[in-house]
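The next block holds one structure in the form of structure tokens; read it before the comments.
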Amino acid sequence: MKMINRFWKFMLLAIIIYTIIQLLITTEVFNLFYTNTLITIAINIILAVSLHLVIGITGQFSIGHAGFLAVGAYISAIVTMKLALPFPLALFAAGVIAAVAGLIVGIPTLRLRGDYLAIATLGFAEIIRIIFLNIDYVGGAAGMVVSRTTNWTISYICLLITLIVIINFTNSRHGRACVAIRENEIAADAMGINTTYYKVVAFVIGSFFAGIAGGLYAHNFYIIQPASFGFLKSFDILIFVVLGGLGSLSGAVLSAILLTIVSTFLQDYAETRMIIYSLILILVMLYRPQGLMGTREITDFFTSRKKNALKGGENL
Amino acid sequence: MEWIQQFFNGISLGSIYALIALGYTMVYGIIKLINFAHGDVFMIGAFTGFFAISVLNLSFLPALLLAMIVCAILGVTIERIAYKRLRNSTRIAALITAIGVSLLIEYIFIYFRGAQPEAYPEVLAKETYNIFGAKISSQSVLILCVTVILMILLQFIVHRSKIGKAMRAVAYDQDAAKLMGINVDNTISITFAIGSALAGAAGVIFGIYYTKIDPLMGIIPGLKAFIAAVLGGIGIIPGAMVGGFLLGIVETVVSASGFSLWRDAAAFIILILILIFRPSGIFGKNAKEKV
Amino acid sequence: GDGDTIKIGANLELSGDVASYGQSIAEGVDLAVEEINANGGIDGKTIELIKSDNKSDPSEAASVATKLTSEEQVLAIIGSATSGNTLAQAQIANDTKTILLTPSGTSPNVTVTENGDVNDYVFRTSYIDPFQGTVAANFATGDLGIKTAAIYADSASDYAKGLADAFKETFEAAGGTIVAEESYVAKDTDFRSTLTRIQSKNPEFVFIPGYYAEVGLIIKQAREMGIEVPFMGADGWDSPTLVELAGADTLNNTFITNHYSAEDPDTTIQDFVKKFKEKYNGESPDAFNALGYDSIYFLADAIERAGSFEPEKIKDALADTKDLLLVTGLITVDENHNPVKSATILEYQDGVQVFKSKINP
Amino acid sequence: MSTNPLLHIQNVGIRFGGLRAVANFTLKLNQGELIGLIGPNGAGKTTVFNLLTGVYAPTEGEIFFNGERINGLPPYKVTRKGISRTFQNIRLFNELSVLDNVKIAYHSLAKHSIFSSIFRFPKHFSGEKEMEEKSIEFLKIFHLDHVKEEKAKNLPYGQQRRLEIARALAAGPKLLLLDEPAAGMNPQETKELMELISFIRNEFNLTILLIEHDMKLVMGVCEKISVLDHGQLIAHGTPEEIRKHPKVIEAYLGEEVGEEHA
Amino acid sequence: MLKVDEIDVYYDNIHALKGVSLEVLAGEIVTLIGANGAGKSTLLKTLSGLLRPKTGRIDYFGQSITNKPVQSIVQSGISHVPEGRRVFANMTVAENLDLGAYIRKDKKAIEEDKQAVYALFPRLLERKKQLAGTLSGGEQQMLAIGRALMAKPKLLLLDEPSMGLAPLLVKQIFQIIQEINQNGTTILLVEQNANMALSIANRAYVIETGNVVASGTAKELQSSERIKQAYLGGM
Ligand SMILES: Nc1ncnc2c1ncn2[C@@H]1O[C@H](COP(=O)(O)OP(=O)(O)OP(=O)(O)O)[C@@H](O)[C@H]1O
Ligand SMILES: Nc1ncnc2c1ncn2[C@@H]1O[C@H](COP(=O)(O)OP(=O)(O)OP(=O)(O)O)[C@@H](O)[C@H]1O
Ligand SMILES: [Mg+2]
Ligand SMILES: [Mg+2]
């Protein structure tokens with residue numbers, strides 16, 4: 001079958017990418033710094049793609065994604081550091097608890113629209129952050145020291161799983177239901193789609209992967225602090241999604257890669273980095289308000305199905 | 001007595017939020033843009049006032065006016081350069097641009113003068129009044145009056161004056177507004193000018209009241225003012241004021257009960273609760289789309 | 001390092017929430033590096049300083065540290081300003097055998113891990129939080145004869161928490177009572193509601209561990225509300241801005257513990273103040289400036305004593321430092337990599353810091 | 001009238017603030033009927049549709065569909081019970097392809113779960129395949145299959161109207177509600193639409209309730225017509241009866257309506 | 001009065017009007033008919049300045065208004081009632097009418113004209129405090145026409161004014177259009193309801209995919225077999 005075939009092509013490509021990079025790491029062509037940048041890129045892609053499902057696909061304007069990142073980070077850190085359980089389990093727990101948080105946040109807020117939804121999600125993210133700030137068990141403001149266990153392989157595996165799940169979800173009747181909500185909620189409702197249900201589902205899946213990203217994040221940066229998960233972090237994730245092109249999964253991936261590299265590169269330009277960063281944002285938005293990819297996908301450039309309008313990655 | 005005092009504390013805090021929220025809500029009401037740079041215009045207003053008072057030796061009113069003018073010009077410039085092109089693109093693209101503009105103002109400012117805070121000179125004599133055993137400073141009273149007067153003035157402009165009607169027409173449908181003979185660009189510029197001038201005034205008043213200003217000072221009050229605006233029903237002018245007061249009082253009550261660390265969380269919880277029961281804010285009409 | 005230079009990284013908060021501390025440290029570091037290089041460097045090698053911004057964010061700090069250690073292969077990293085951002089790099093420093101020297105990270109667990117092990121490669125220039133808290137409590141009970149006190153601490157910083165804990169312990173041990181314990185959050189501007197609460201408890205003394213930006217406002221608002229009792233704080237208060245914010249009169253009857261005082265007639269200090277003012281348009285150096293400056297000399301001294309550029313030897317030399325005279329005092333490093341040095345108590349009189357006493361550990 | 005109507009609207013009403021948009025409205029639709037709903041602008045016709053489909057909950061009265069009480073159900077549940085509609089102002093999924101627009105309508109008829117889609121179980125593939133095939137069949141009926149990859153918003157107006165009907169049909173309704181399907185069409189296009197309505201009605205064994213201001217269409221296809229004015233039913237009967245009904249002439253048709261289109 | 005000379009209009013790369021020329025004389029009712037998507041609305045939008053022609057020229061009373069901004073075109077006496085009504089939903093009926101008179105300064109005359117509009121559409125008077133967005137389609141159409149009249153136009157551009165209206169109202173609207181015309185306003189009318197449009201118009205143009213394919217007096221077109229077949233329902 002064509003679809004199955006595509007899946008194996010995707011896997012083959014994934015394995016090739018992995019092998020090349022792993023080779024570069026073992027031969028020490030990539031030093032620790034490059035490897036770290038790769039891990040950060042993987043984490044950021046997971047974040048971008050998980051938010052893409054909520055904003056780009058379902059059209060729900062959530063700007064509090066860092067809250068779920070925080071939940072994942074803290075839960076995974078508790079599992080490994082306090083309970084001394086294995087890291088993969090911690091990652092899973094991070095995803096699950098973040099998904100539960102997504103459910104708790106999503107049910108009341110997703111009935112709100114537009115900017116009201118935006119500010120409510122931002123509010124929830126801040127509440128989550130303040131909760132961690134006030135729990136002494138996780139170190140309060142000073143944060144928690146976490147030993148570094150994230151490595152390139154595990155980040156890559158998580159990234160692949162995220163991509164597969166989200167692409168598969170998007171390219172199914174369920175993903176179409178979400179897109180329908182984005183396009184016209186009243187009509188979607190009239191077509192028999194339980195709009196609340198799908199908004200919450202998209203939100204929960206998005207939160208789950210943000211939680212996974214949080215687990216990787218916590219075990220990559222030695223320390224987690226509530227201050228790292230403020231609304232500016234949420235904006236960073238939002239920026240990946242919008243800059244890449246709302247509704248384009250490959251756009252989100254691409255901009256997560258680009259912006260992470262730009263940001264790492266700008267470390268050397270301490271005083272001017274924020275000026276450059278903000279100028280990039282403004283200029284891209286002014287001259288390409290639809291984002292780098294618009295609503296197109298990378299695969300559109302290779303296939304003849306140019307007019308396929310349902311976005312979110314090709315079928316796997 | 002302690003609680004009367006706390007009530008006054010809450011009102012004073014709330015009127016600052018309200019003052020910033022007025023401009024926020026106004027700009028939002030017309031072009032539906034969450035102008036994240038509003039807080040930074042507020043910051044520039046505060047610094048302009050500071051400069052006017054300490055370097056140009058101006059007194060309060062001229063300094064206030066100068067700050068308002070500078071901010072009005074800044075606001076219009078931002079709109080013309082950064083937002084105008086985006087009028088027909090998605091709201092979210094405009095939002096990202098606004099975030100970009102906000103960061104740009106902050107860091108250009110820091111680049112040229114550093115991030116250190118500045119202490120505001122005292123230009124207004126300060127007295128303390130005793131009401132029911134609670135103390136309230138003349139400055140608090142001043143802020144309260146300024147806020148209420150500006151609110152009434154704005155409400156009048158938007159709902160009664162011709163330019164106000166034009167603003168609301170532009171807000172709803174720019175092409176149809178053009179067909180009425182309205183100059184859309186000018187109307188939006190005027191909106192930004194008024195909104196930004198208000199932010200500038202708020203900046204100066206904030207500086208005088210709290211005495212500390214710094215290049216990142218706009219972020220938190222900007223966010224709080226935005227919450228206040230949403231609480232009241234974003235785009236609705238009296239709503240911004242009521243939202244500001246409500247927020248101020250809630251925060252004060254939470255701090256006064258010894259939970260100061262939960263203060264910001266409480267602000268958001270109130271916001272979310274209100275939105276759950278009134279999805280368009282306290283005064284917001286539930287603008288359900290007619291099917 | 002190779003050739004004629006040694007690479008030293010600076011991993012500082014040049015933007016973000018606590019940018020002003022990072023920037024202050026950077027100024028001090030720049031001045032010291034300039035001086036040392038002008039005087040022929042360390043053992044004939046000039047210092048190549050690589051300054052990076054960590055955006056006041058621990059994950060960025062870790063990323064910067066990785067870059068400095070693997071890309072630039074620096075010998076040592078100066079930074080960061082806060083304990084959290086320093087902690088984020090501790091494991092990297094140990095793993096890559098890079099000296100990590102924080103000028104101002106005062107939390108005890110920067111150098112000592114939770115289970116009591118000392119981080120081999122991590123050092124600091126400042127003393128630790130409990131020391132200042134203890135000094136303040138002793139001063140309050142002893143010199144001022146205080147019985148009841150309130151604590152109003154910055155909750156968002158481990159620094160303030162450490163000070164508050166130490167103060168409380170010592171104060172209560174000396175027979176005093178803490179009548180109110182309140183916190184605020186950094187970047188707050190309105191403290192009136194909590195101050196009203198404190199006022200209703202009638203303390204004789206208020207201990208305010210925190211940073212000048214908020215403290216200035218707290219003092220001003222407290223005095224306006226009629227709280228006239230003595231206030232005390234620590235090095236976080238030290239900035240000319242505090243005086244401007246609170247007002248010179250308002251600040252009377254307040255005290256701080258500090259690393260040093262720019263008003264101190266001590267020649268080492270005045271020398272530094274003069275050089276600093278020359279380089280930075282007459283700006284008066286604050287404690288972060290001084291600590292940044294000292295950090296470079298602290299490191300340079302160790303390298304010279306080690307007589308080698310190998311990190312293993314330098315870390316031993318740092319740990320062995322004894323009676324090294326720096327701007328912020330005479331230091332001796334203890335077994336936890338913490339410098340043992342004196343604290344200065346200063347009183348504000350009409351906006352000027354007046355030397356009150358010097359307390360040795 | 002038969003004893004067991006498909007749709008039974010009983011004394012339904014709704015208020016918007018002070019305005020009683022629909023009041024005491026009663027209507028029965030038997031299986032297979034095609035009934036027109038006409039009335040002056042603002043009479044409350046669209047509001048009746050909104051009440052039927054759950055967009056608004058009636059403040060008074062009850063609605064039975066297939067013997068089940070449906071008032072107060074959310075729209076998606078109403079659709080699943082077998083009522084679907086088109087909108088007065090077209091509401092397509094603009095950025096999506098014509099094919100996807102129809103596929104979405106199939107959503108609630110498909111069975112494969114989120115899990116089977118995410119993990120690509122065989123059920124997913126069979127489910128998706130079935131949706132695609134059926135959707136294409138539908139597009140063929142409506143002569144839209146040649147534009148199936150086109151974005152909905154790029155279609156000419158007439159095709160958009162047809163797509164909306166196709167989409168409504170794909171949701172598998174027993175009762176179809178059409179809100180001014182001929183609005184904005186010229187007489188020639190309206191004629192074609194009339195043929196289409198008759199065709200789908202027979203083909204899918206539908207019951208249809210139709211709002212339209214084009215009297216030629218209404219009189220041409222409807223067996224019975226209900227007339228609303230100020231939210232109230234003022235007449236119900238065959239086209240001939242309605243055409244001559246004095247109240248309808250006064251409120252809605254005006255004089256000499258017959259001649260105009262003749 | 002109005003002379004359109006060979007204009008070409010594009011939406012990005014869609015060529016919507018291809019060298020369209022037409023003329024409207026003072027005092028006339030001219031109607032444009034054509035299938036969906038023929039370019040009728042595009043033409044009206046170009047006349048009122050919402051769109052710019054790429055080539056060609058538009059003269060109004062002998063003066064070019066080709067690239068003038070919308071507000072000055074409105075000021076010179078051209079009012080456009082757009083397709084789909086476009087009333088200001090968040091404002092009351094009365095406020096909508098006020099906005100129609102935005103370019104005017106004569107307060108008293110404005111008030112009189114408002115009363116005249118209410119007399120024309122009594123339903124609007126009933127609903128004058130209601131928000132326009134909650135009006136029914138027909139009510140909104142009345143409001144849109146009323147609003148355009150408030151500018152006291154010399155030339156009124158009407159885009160499908162009968163769309164979605166009850167037969168009685170359609171008749172009323174057509175009567176009102178004639179009344180407005182008799183009071184001295186020239187009218188350019190776009191209609192799908194070609195029969196009725198032709199019955200009140202002096203002259204007509206037929207547009208097909210961006211080209212004018214036929215023109216003449218209303219009578220001529222009404223009796224043309226081809227036009228009957230394509231647009232009048234083949235009677
Ligand atoms: N959400 C609402 N809020 C307030 N009033 C409303 C609302 N929806 C409809 N109305 C009012 O209810 C009345 C009936 O409106 P409705 O849309 O049902 O009319 P209609 O019969 O469909 O008219 P048309 O033929 O013009 O479409 C109108 O007067 C309208 O203004
Ligand atoms: N905003 C737009 N962007 C791109 N193309 C457009 C736009 N508006 C109209 N078009 C295209 O221009 C052509 C002419 O459209 P126009 O709206 O003028 O037709 P019309 O004759 O008014 O049709 P209708 O009877 O449907 O109102 C059509 O092919 C349409 O698809
Ligand atoms: Mg209707
Ligand atoms: Mg048209």
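The sequence lines fix the lettering, A, B, ..., with proteins before strands; numbering per chain opens at 1.
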**Asked** Shortest non-hydrogen contact from D:H213 to E:L165?
**Response** CB-O, 3.1 Å
**Message:** Does any backbone or side-chain atom of D:A251 lie under 4.5 Å from a heavy atom of chain E? Answer side chain, backbone, both or neither.
**Reply:** backbone
**Request:** Please determine, among D:E192, D:Q159, D:E189, the option with the most heavy-atom pairs under 4.5 Å with chain E.
**Result:** D:E189
**Message:** To the closest 0.5 Å, what do you measure between CG (E:N193) and CG (D:D214)?
**Reply:** 7.5 Å
**Any residue meeting salt bridge (charged side-chain N to carboxylate O under 4.0 Å, His left out) with D:E212, in chain and number order, not counting sequence neighbours** = none
**Request:** For residues D:N41 and E:L169, report the shortest heavy-atom separation together with the two atoms involved.
**Result:** OD1-CD1, 2.7 Å
**Request:** Check each atom of D:I38 against the heavy atoms of chain E and say whether the ones under 4.5 Å are side chain, backbone, both or neither.
**Result:** neither
**Item:** Exercise: identify the closest heavy-atom pair between D:H230 and E:R123
**Value:** NE2-NH2, 4.2 Å
**Message:** For E:E139, which atoms come within 4.5 Å of any heavy atom of chain D: side chain, backbone, both, or neither?
**Reply:** both
**Item:** Nearest atoms (heavy-atom pairs only) where D:P187 meets E:N195
**Value:** CG-ND2, 4.2 Å
**Closest approach of E:A166 to D:G39 (non-hydrogen atoms, all atoms of both residues)** = CB-O, 4.3 Å
**Message:** Are there over 12 heavy-atom neighbours, none belonging to D:E250, within less than 6.0 Å of that residue's CD?
**Reply:** no
